[in-house]
*Asks:* 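Here you go, one structure.
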Amino acid sequence: MERRAWRAPRRFILSALTSLALVPLTQAQITGSAHDLSPLDPDRRLCIFCHTPHGADTSVADAPLWNHATTNQNYVVYDSPTLDATVGQPVGASRLCLSCHDGTVAVDAFGSSPGSFFLGGPGAVGSDGLLNDHPISFQYTDSLAVQDGELHPPSVTSSLLGSTIDDDLLFNGSMECSSCHDVHRGPAAAAVNDALLMIPQTGSTLCLVCHNK
Ligand code: HEC
Ligand code: HEC
Ligand code: HEC
Ligand code: HEC
């Protein structure tokens, strides 16, 4: 099988920027984002790369009507002498992200097609394991915050997005890739307009929402 590297076509990003003049900055917009893979589909569908209304793959826990081939990699996960959380293999939504972002499964691998475009370079964050990446797939609880001493308690701390860290950023209490990123470039991420982040990096606001430093 031929392996080709996928880069989001710049003309789509440019057309998204042009349309910003016409729509409010906070409008959700997967169209024209890095996750607009429609140029790879003859019918120019957006959602099909990741979701299907029928016959979804239920092998990954908590996967929303999942349609993309999933990675079965085992990763060396983040660890350090000061880490209090118990970090396991990526589960749920994070495993779905890694199903393109570890570079082992093609971005257009859905339905019965194995696909042929693979992520490489800095976009393939999981291709060298997860030891050098912010920990994910662990429970971030108020008691973890007490144990650590320099984390905000998630059940009562504002996420800056309208509710608490727990409500807005965690998945059943778990920290995942989607705690920092919005795969759909929803209203919060569209407002930040950088790496699909939901909270700006300016002044390290993103980090300081959870870390009391
Ligand atoms: C690149 C992959 C990808 C594409 C494309 C994508 N999604 Fe998703 N979607 C995900 C992942 C991963 C999750 C679960 C994690 C999360 O919610 O952050 C999700 C969650 C969802 C959910 C449940 C949670 C929520 O946000 O409401 C809905 C509904 C959804 N997607 C609809 C859509 C629709 C409709 C489209 C097309 C317009 C679409 N998605 C395109 C990856 C994708
Ligand atoms: C179907 C494949 C696929 C899935 C699933 C997927 N991505 Fe992506 N992602 C891509 C592609 C393709 C790009 C564009 C890479 C490029 O242009 O180099 C991208 C780019 C990104 C970027 C960089 C965006 C930018 O504007 O620079 C981030 C952040 C990202 N993805 C996060 C996620 C997260 C988090 C998830 C899971 C919730 C996820 N992705 C799931 C294919 C995918
Ligand atoms: C603690 C917050 C946080 C978590 C958790 C997180 N990211 Fe990111 N990610 C960031 C920030 C901030 C950036 C932009 C700065 C950078 O590129 O280092 C980024 C950048 C990226 C990029 C763009 C890299 C590039 O240079 O093209 C991708 C792709 C990405 N993240 C995917 C993921 C995936 C997949 C996961 C889960 C395995 C994940 N992220 C978990 C904060 C996070
Ligand atoms: C949604 C909440 C959240 C966000 C946002 C977040 N973190 Fe974290 N981070 C955590 C939690 C929880 C831990 C686990 C801490 C522990 O168990 O010791 C952690 C762990 C870490 C660690 C490892 C600590 C250790 O002892 O090894 C570092 C370093 C770190 N984060 C830096 C950052 C930076 C830098 C940013 C911004 C780019 C960021 N975090 C954003 C919640 C978050």
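Only heavy atoms go into these numbers, but all of them, side chains included; no hydrogens, no water, no symmetry mates. Both ligands and their constituent atoms are indexed starting at 1 by order of listing.
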*Asks:* Report, in ascending order of atom number, the atoms of ligand 4 lying under 4.0 Å from any heavy atom of A85.
*Replies:* 16 (C), 17 (O)

*Asks:* Please could you name the atoms of ligand 4 that Y78 approaches to less than 4.0 Å, counting only its heavy atoms?
*Replies:*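 Those of ligand 4 that fall under 4.0 Å from Y78 are 23 (C), 25 (C), 27 (O).
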
*Asks:* In the protein, which heavy atom is nearest to atom 37 (C) of ligand 3, and how far is it?
*Replies:*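 That would be C177 SG, 1.8 Å.
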
*Asks:* Could you check whether atom 17 (O) of ligand 3 has a protein contact, counting only heavy atoms that fall below 4.0 angstrom?
*Replies:*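 Not a single protein heavy atom is under 4.0 Å away.
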
*Asks:* Which of the numbered atoms in ligand 2 are under 4.0 angstrom from any heavy atom belonging to V107?
*Replies:*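 That gives atoms 1 (C), 12 (C) of ligand 2.
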
*Asks:* Have a look at C180, C210, S204, P135 and point out the one with the heavy atom closest to atom 4 (C) of ligand 3.
*Replies:*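 Comparing heavy atoms across C180, C210, S204, P135, the nearest one to atom 4 (C) of ligand 3 lies in C180.
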
*Asks:* Is the contact between S80 and ligand 4 made by the side chain, the backbone, both, or neither, using heavy atoms and a 4.0 Å cut-off?
*Replies:* side chain

*Asks:* Within a distance under 4.0 Å of any heavy atom of L96, pick out the atoms of ligand 2 and give their elements.
*Replies:*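 Near L96, the atoms of ligand 2 are 5 (C).
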
*Asks:* Closest non-hydrogen protein atom to atom 11 (C) of ligand 3, residue and atom name please, with distance?
*Replies:*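 The protein heavy atom lying closest is L197 CD2, 3.8 Å.
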
*Asks:* Please list, in number order, the atoms of ligand 2 under 4.0 Å from a heavy atom of H68.
*Replies:* 1 (C)

*Asks:* Heavy-atom distances under 4.0 Å decide this one: backbone, side chain, both or neither, for S178 against ligand 2?
*Replies:* side chain

*Asks:* Enumerate the atoms of ligand 4 whose separation from the nearest heavy atom of D84 is less than 4.0 angstrom.
*Replies:*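 Those of ligand 4 that fall under 4.0 Å from D84 are 16 (C), 17 (O), 18 (O).
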
*Asks:* Using a 4.0 Å cut-off to any heavy atom of D148, which atoms of ligand 4 qualify?
*Replies:*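 Every atom of ligand 4 under 4.0 Å from some heavy atom of D148: 16 (C), 18 (O).
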
*Asks:* Under 2.8 Å from atom 8 (Fe) of ligand 4, is there an N/O/S atom belonging to C207?
*Replies:* no

*Asks:* For atom 22 (C) of ligand 3, which protein heavy atom lies nearest, and how many Å away is it?
*Replies:*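 Nearest neighbour among protein heavy atoms for atom 22 (C) of ligand 3, to 0.1 Å: V125 CG1, 4.4 Å.
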
*Asks:* Identify, for atom 23 (C) of ligand 3, the protein heavy atom at the shortest distance, and state residue, atom and that distance.
*Replies:*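 Of the protein heavy atoms, P122 O, 4.9 Å lies nearest.
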
*Asks:* Is L151 close enough to touch ligand 4? Criterion: a residue heavy atom under 4.0 Å from a ligand atom.
*Replies:*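 Flag set, L151 near ligand 4.
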
*Asks:* Distance check below 2.8 Å: does H211 bring an N, O or S atom to atom 8 (Fe) of ligand 4?
*Replies:* yes

*Asks:* Return yes when at least one N/O/S atom of C97 is nearer than 2.8 Å to atom 8 (Fe) of ligand 2, and no when none is.
*Replies:* no

*Asks:* Does some non-hydrogen atom of the protein lie less than 4.0 angstrom from atom 34 (C) of ligand 4?
*Replies:*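 Under 4.0 Å from atom 34 (C) of ligand 4, at least one protein heavy atom found.
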
*Asks:* Determine whether any heavy atom of L37 lies closer than 4.0 Å to an atom of ligand 2.
*Replies:* yes

*Asks:* Which of the atoms of ligand 2 are close to C100, meaning less than 4.0 Å from one of its heavy atoms?
*Replies:*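 Here the atoms of ligand 2 in question are 1 (C), 2 (C), 3 (C), 4 (C), 5 (C), 42 (C), 43 (C).
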
*Asks:* Which protein heavy atom lies closest to atom 13 (C) of ligand 4, and at what distance to 0.1 Å?
*Replies:*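 For this ligand atom, the closest protein heavy atom is F138 CZ, 3.7 Å.
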
*Asks:* So is S94 touching ligand 3 or not, going by heavy atoms under 4.0 Å?
*Replies:* no

*Asks:* Purely on distance, is any nitrogen or oxygen of T82 under 3.5 Å from one on ligand 4?
*Replies:* yes

*Asks:* Ignoring hydrogens, just give me the one of H134, Q201, H181, E176 whose non-hydrogen atom is nearest atom 42 (C) of ligand 3.
*Replies:* H181

*Asks:* With the threshold set at under 4.0 angstrom, would you say S99 reaches ligand 2 through any of its heavy atoms?
*Replies:*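 Flag not set, S99 not near ligand 2.
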
*Asks:* Taking only heavy atoms of L206, which atoms of ligand 4 are found under 4.0 Å from at least one of them?
*Replies:*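 Answer for ligand 4: 5 (C).
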
